[in-house]
Protein chains: 4
Amino acid sequence: MTQLRADARRNRERILAAAEAVFAERGASASTEEVAARAGVAIGTVFRHFPTKNDLLGAIVKALLHRLTEEAARQAGAGAPETALFSFFTHVVEEAAARRTVAALLSGGGVDVRVDKPLTQLEEPVGTLLRRAQEAGAVRADVRPDEVMALLAAASQAALLGGWTPDLRDRTLRIVFEGLGARG
Amino acid sequence: MTQLRADARRNRERILAAAEAVFAERGASASTEEVAARAGVAIGTVFRHFPTKNDLLGAIVKALLHRLTEEAARQAGAGAPETALFSFFTHVVEEAAARRTVAALLSGGGVDVRVDKPLTQLEEPVGTLLRRAQEAGAVRADVRPDEVMALLAAASQAALLGGWTPDLRDRTLRIVFEGLGARG
Amino acid sequence: MTQLRADARRNRERILAAAEAVFAERGASASTEEVAARAGVAIGTVFRHFPTKNDLLGAIVKALLHRLTEEAARQAGAGAPETALFSFFTHVVEEAAARRTVAALLSGGGVDVRVDKPLTQLEEPVGTLLRRAQEAGAVRADVRPDEVMALLAAASQAALLGGWTPDLRDRTLRIVFEGLGARG
Amino acid sequence: MTQLRADARRNRERILAAAEAVFAERGASASTEEVAARAGVAIGTVFRHFPTKNDLLGAIVKALLHRLTEEAARQAGAGAPETALFSFFTHVVEEAAARRTVAALLSGGGVDVRVDKPLTQLEEPVGTLLRRAQEAGAVRADVRPDEVMALLAAASQAALLGGWTPDLRDRTLRIVFEGLGARG
DNA sequence: TATGAATGAGCTTTCATTCAT
DNA sequence: TATGAATGAAAGCTCATTCAT
């Protein structure tokens, strides 16, 4: 990939940020024009950077995925094995509550965002977190990564619910964690 | 409202069925025209029955809600208190796997489908199921209806995931049920 | 023309009256459905009597024309020669103020209402009124029927103006009558 | 508002001209699609410039009003006081004969074209013309601006009549002018 | 004959995408 | 490279007209 000119990269990032905000607020059916306006660029500039609306959606998902993967790695490296998975879980749900995109990503897209199996990418670090939690006896031995991924997607979606509050989040996650827990 | 003419009612139902199918396949952004085609009627007929696309979406959601509420009541009446809630839970998730609409409904709509707080309607029978399960000692006493609703929405969404299989569903739900369980 | 059944004729007249009212209020672009509703019949009945929307418009115009022609004849027979033309003139403008249709008719239709030169029909009795007024010395000798018709159409249109009041009508017509007048 | 790009302004004007022509021929119910075709642009371009069909109609009326107001001012500045009002009057009627829009404007619109009381704008320069004519003794002292406006609207409408010819126009206007005249 | 549901062409409007400036 | 005007394919919706009941 050629090195972008400094102003071009700056634009790219502003567009991405604007898109994230707009799609978070209005859903993926928001218009590209609105993204351009929010980014303070002309519509043509958006399409120069992202030839298709789907490319734009895809880039958002990819960026998000990158952040989540990093966070998972961070927890895997730094957190206590017994709690790292739960911390990551909570982190994802919090993000989802803030940005609709998280839920969209985890639920497979809704829109036709196929970033080459985005979830597969995330599944690896999650698997690591899971293994450690199991080794530490914090999670039942028979739980498999795909169940955790499913629960992750599920909880993210719940975060979009009408009456979602920090309190409801805590109580709901407690049930999930309890279900995952080695004992009870 | 006068009794609809026989052919009118027939059409109304065909349109509703077609819409359910089309929106399940293509999501709520599918075109009304396609619904008409699938139902084998002209576009004007769709609009005579449902003056707005949103009315059509709303009617689907309402019908679905009706089915779910009935099912909840059936379980409350017939099922064993210890398992009725879980059975209903599983039923909802199965429906969700078959029809994208279930997840859409439970997650608040996406589209502007405000069937007078659809979830509130469902919350009542679910609350009954929950209370009985708790009285039978099958579910922890401190679980509240809103958590169950959140988990319901969550699990329905998970059912839309890529690799969702009956096996994955069973394992995922087992975790949730375990988390809800009185013991653990 | 076959004799209509009593109820059929009753319907025909109710539709005509409703149409006159609706088109007067909403203009000729009002929907046929609204006419049917106002008449208290189904849409099919309207089309049975008037196969085309234009036929309906035409029938209204024809009825109106009939009324105006009768009024002209009445004035020609009963009124004083010096004032009969002016009385008729005022009468037409008053009708126009009440029913938009009059103006539409006199201005040629706007819509494609070609009732075989409707104005020609009216021109004859107007011509009579004019001739008598001229013979009585109330109108200049060089005025011709087509000018009177034009002024009639013109004044009818003015009656649709925003600030049209009886006072404004009187002052405006006075100018026209003055202009027509033998002396001044 | 930024200066429009050259091609954009060119298009805007072509659209306006096309619209004027199309609506003049077919009336205000002509389709926007036809306007686009006549202007040689795509339908989207029309709606970029005039977001609504009504905006398009409004723009035409506004342009026309501008022209008429200018003409009135020109007559007020340049013409002989005794004839300026009559010249303007004739000018308006001539325009009306050429463009159906004039009559539509003067008669209040028909469509929902509310260019902030368009007639009020025109009433001022007309009032000036009237006052001068009265001061010059060419028009009776008791004539008021609203009557002149009404006659203007009236005569414009008459210009749309079937058999309207320059000859008929002259004879009709002569009657109106005679009616307005100081003497007779 | 009356009914009113069905038809379907056509309308206004939106928006992802292209391309001249 | 950025701009934003132009494109044109839908989309949702309306309504004169037809036709089964």
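Keep in mind it's a predicted model, so treat the numbers as computed, not measured. Below, read A as the first sequence line, B as the second, and so on, with proteins coming before strands; counting in each chain starts at 1.
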Separation of [N] [atom2] from [X] [atom1] (nearest whole Å):
X     : N      : atom1 : atom2 : answer
B:R9  : F:dA20 : CZ    : C1'   : 17 Å
C:I15 : F:dA16 : CD1   : P     : 15 Å
B:D7  : E:dT3  : CG    : P     : 17 Å
A:E33 : E:dT18 : CD    : C1'   : 13 Å
D:F50 : E:dT13 : CZ    : P     : 13 Å
B:L56 : F:dA11 : CG    : P     : 14 Å
A:R12 : F:dT1  : CZ    : C1'   : 16 Å
C:R26 : F:dA16 : CZ    : C1'   : 18 Å

*Closest-nucleotide 5' rank along DNA chain F - winner of B:S29 and D:V41*: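 Its nearest nucleotide lies further toward 5', so the answer is D:V41.
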
*Hey, which sits more toward the 5' end of DNA chain F by its nearest nucleotide, C:P51 or D:G40?*
D:G40

Counting only side-chain N and O atoms of [X], is one of them less than 4.0 Å from OP1 or OP2 of [N]?
X     : N      : value
D:N11 : F:dA5  : no
C:H49 : E:dT1  : no
D:T32 : E:dT12 : yes

_CA sep, side-chain torsions, deciding dist, call: C:T52, C:F47, side chain to side chain contact (heavy atoms under 4.5 Å, CB included)_ = CA-CA 7 Å; C:T52 276; C:F47 277 88; 5.8 Å; no

*Non-hydrogen atoms of C:F50 and C:A59 that approach each other most closely*: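 Closest approach of C:F50 to C:A59: CE2-CB, 3.6 Å.
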
_Please give me the minimum heavy-atom distance between C:A18 and C:V35, naming the atom from each residue._
CB-O, 3.7 Å

[X] has a side chain; which of [options] sits nearest to it?
X     : options                : result
A:T52 : F:dC13, E:dT17, F:dT17 : E:dT17
C:F47 : F:dT17, F:dT3, E:dT3   : F:dT17
D:R48 : F:dT3, F:dA5, F:dT1    : F:dA5
D:A42 : E:dT12, F:dG8, F:dT3   : F:dG8
C:A8  : E:dT3, E:dT1, E:dT7    : E:dT1
B:S31 : E:dA5, F:dA11, E:dT13  : F:dA11

*Could you say whether D:I43 or A:A30 is positioned toward the 5' end of DNA chain E, judged by the nucleotide with the nearest heavy atom to each?*
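The residue mapped nearer the 5' terminus is D:I43.
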
*Given DNA chain E, 5'-ward residue of the pair D:K53 and B:G44, judged by closest heavy atom*: B:G44

_Side-chain touch C:V61/C:L57, heavy atoms, less than 4.5 angstrom_ = no

*For the atom pair CZ (B:R10) and CD1 (B:I15), what is the distance rounded to the nearest 0.5 Å?*
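Taking CZ in B:R10 and CD1 in B:I15, the distance rounds to 12.0 Å.
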
*Take atom CZ of C:R26 as the centre, draw a 6.0 Å sphere, and report whether it contains more than 12 heavy atoms from other residues, nucleotides or ligands.*
no

_Partner residues of C:R14 under the side chain to side chain contact (heavy atoms under 4.5 Å, CB included) criterion, sequence neighbours left out_ =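 Partners of C:R14 under the side chain to side chain contact (heavy atoms under 4.5 Å, CB included) test: C:N11.
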
*Could you spell out the base pairing of DNA chain E in dot-bracket, with Watson-Crick or G-U pairs whose two distances are under 3.5 Å, [ ] crossing and | to another strand?*
.||||||||||||||||||||

_Please determine whether a side-chain nitrogen of the Lys or Arg among B:E20 and B:R38 lies less than 4.0 Å from a carboxylate oxygen of the Asp or Glu._
no

*Base, sugar-phosphate, or nothing for B:T45, non-hydrogen atoms under 4.0 angstrom?*
base

